[in-house]
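Worksheet: one structure, shown below.
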Amino acid sequence: MTEAALILRARLNEAFAGETLKTAIVLGSGLGGLVGELDDPVHIRYSDLPDFPKSGVSGHAGEVVVGRLSGKLVMVLAGRAHYYEQGNASAMRPVLQTLKALGLEMLILTNAAGSVVQHMAPGSVMLIDDHINYSGMNPLIGEHTEARFTGMTAAYDGELKQAFRDAAQKAGETLHEGVYMWFSGPSFETPAEIRMARILGADAVGMSTVPEVILSRFLGLRVAACSVITNYGAGMSGDELSHDETKTMAPLGGQKLQKIIKILVGDIG
Ligand code: HPA
């Protein structure tokens with residue numbers, strides 16, 4: 001068990017003795033609103049958890065919040081480490097290993113992303129059906145066990161995807177579905193790269209999530225992921241892209257995603 005898991009287990013035993021905690025939700029840039037929806041929240045800063053990321057990206061709080069959502073106990077991870085911060089694709093491994101050690105089974109990842117298709121405008125929500133690892137990086141490089149040859153054919157859990165579709169329908173929100181392409185960042189893409197992404201079969205582009213999906217499958221966590229579309233990809237709108245735009249636009253789709261996740265959590269597991 002990781003040191004962070006021991007600390008979290010002690011805090012959770014104090015606050016929620018005997019309750020089961022199966023689901024964790026990672027919040028992307030500007031999607032922190034979900035934290036305010038939790039009942040009886042317990043906050044633990046990443047800085048108090050050994051090996052948790054020291055996130056330097058604004059729009060990411062850097063805390064674990066455990067509380068009740070739709071009556072179910074969930075763990076919200078407000079803040080993630082990105083490959084582009086230190087060039088470390090496995091930066092989230094200690095976090096995900098901690099979830100596994102605590103007995104969590106499901107991980108819901110959220111992110112802010114750029115759309116590369118006209119029909120998916122900023123403010124949309126996209127369920128990630130599959131991904132393309134365009135960065136070429138892999139968080140399992142250096143792993144020595146046979147488990148490194150992790151199958152990715154059904155990386156995004158089929159039952160969780162269906163639960164997302166059902167929850168979106170109940171929420172009355174449109175849920176797009178598509179392929180997310182991971183670019184390393186931190187610079188945004190060029191217009192030529194966005195055209196390439198479209199030709200290669202991507203619907204959205206972003207700088208996170210894929211390494212976490214790979215690590216989750218390696219560790220045996222079931223995973224689903226959703227993007228909030230904050231902008232059209234470079235060259236599609238004529239505007240220059242910025243992280244400020246990402247943060248300003250994220251709450252638009254973020255509120256829709258929040259509604260969907262609230263229903264989803266009540267319905268799953
Ligand atoms: N590209 C990459 N990452 C992003 C974008 C984008 O256009 N928007 C939000 N995150």
Side-chain angles (χ1 to χ4, degrees), residues 8-9 11-44 61 63-80 95-96 98-100 102-112 123-129 154-178 180 209 212-213 216-217 219-229 250-269:
L8 283 167
R9 192 173 61 177
R11 287 293 300 275
L12 297 180
N13 278 343
E14 272 169 35
F16 307 107
E19 291 187 49
T20 46
L21 173 59
K22 295 287 176 209
T23 308
I25 305 164
V26 176
L27 302 182
S29 292
L31 302 174
L34 195 71
V35 170
E37 297 277 327
L38 297 183
D39 295 320
D40 311 319
V42 169
H43 297 253
I44 304 124
E63 60 171 357
V64 176
V65 190
V66 180
R68 294 188 184 84
L69 187 67
S70 304
K72 297 250 181 78
L73 204 59
V74 294
M75 176 183 285
V76 171
L77 296 152
R80 56 154 55 96
V95 176
L96 301 181
T98 298
L99 301 187
K100 187 70 186 171
L102 289 171
L104 277 82
E105 294 172 0
M106 284 175 283
L107 183 63
I108 296 166
L109 300 164
T110 69
N111 61 44
S124 302
V125 180
M126 185 190 93
L127 178 66
I128 301 182
D129 183 46
Y156 296 84
D157 188 274
E159 271 178 42
L160 288 178
K161 279 198 270 197
Q162 192 52 47
F164 252 105
R165 292 181 197 112
D166 295 342
Q169 196 171 23
K170 280 193 199 172
E173 298 291 353
T174 300
L175 183 65
H176 297 264
E177 290 190 36
Y180 176 91
T209 304
E212 295 151 36
V213 170
S216 296
R217 295 313 302 139
L219 293 168
L221 293 164
R222 294 170 62 197
V223 66
C226 245
S227 294
V228 159
I229 302 299
L252 201 67
Q255 278 171 6
K256 299 177 191 169
L257 181 53
Q258 218 166 283
K259 254 170 89 179
I260 296 170
I261 287 179
K262 219 170 151 175
I263 294 171
L264 173 90
V265 165
D267 287 353
I268 55 172

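Please read these numbers as outputs of a predicted model, since none were measured by experiment.
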Any non-hydrogen side-chain atom of [X] less than 4.5 Å from a side-chain atom of [Y]?
X: His176; Y: Ile229; answer: no
X: Val66; Y: Leu8; answer: no
X: Arg9; Y: Asn13; answer: yes
X: Leu34; Y: Thr110; answer: no

Which atom names give the shortest non-hydrogen contact between [X] and [Y], and what distance separates them?
X: Leu27; Y: Gly32; result: CD1-CA, 3.8 Å
X: Leu38; Y: Val76; result: CD1-CG2, 3.8 Å
X: Ala163; Y: Ile268; result: CB-CG2, 3.6 Å

How many angstroms lie between atom [atom1] of [X] and atom [atom2] of [Y], to the nearest 0.5 angstrom?
X: Cys226; Y: Ile108; atom1: SG; atom2: CD1; value: 9.0 Å
X: Glu212; Y: Leu219; atom1: CD; atom2: CG; value: 12.0 Å
X: Thr174; Y: Gln169; atom1: OG1; atom2: CD; value: 10.5 Å
X: Leu221; Y: Lys100; atom1: CG; atom2: NZ; value: 5.5 Å

Residues 154-173 vs ring-ring contact (aromatic ring centres under 6.0 Å, His included), sequence neighbours excluded, gives His131-Tyr156

side-chain contact (heavy atoms from CB on, under 4.5 Å) evaluation trace for Arg11 with Val42:
CA-CA 8 Å; Arg11 287 293 300 275; Val42 169; 3.3 Å; yes

| said: If you count every heavy atom of other residues, nucleotides or ligands that lies below 6.0 Å from Gln162 atom CD, does the total exceed 12? | reply: yes

Is it the case that atom NZ in Lys262 sees more than 12 heavy atoms from other parts of the structure closer than 6.0 Å?
no

With sequence neighbours left out, the residues meeting side-chain contact (heavy atoms from CB on, under 4.5 Å) with Glu173 are Ala171, Lys256, Lys259, Ile260

Residue set satisfying salt bridge (Lys or Arg N to Asp or Glu O under 4.0 Å) with Arg222, at least two apart, ordered chain then number -> Asp157, Glu159

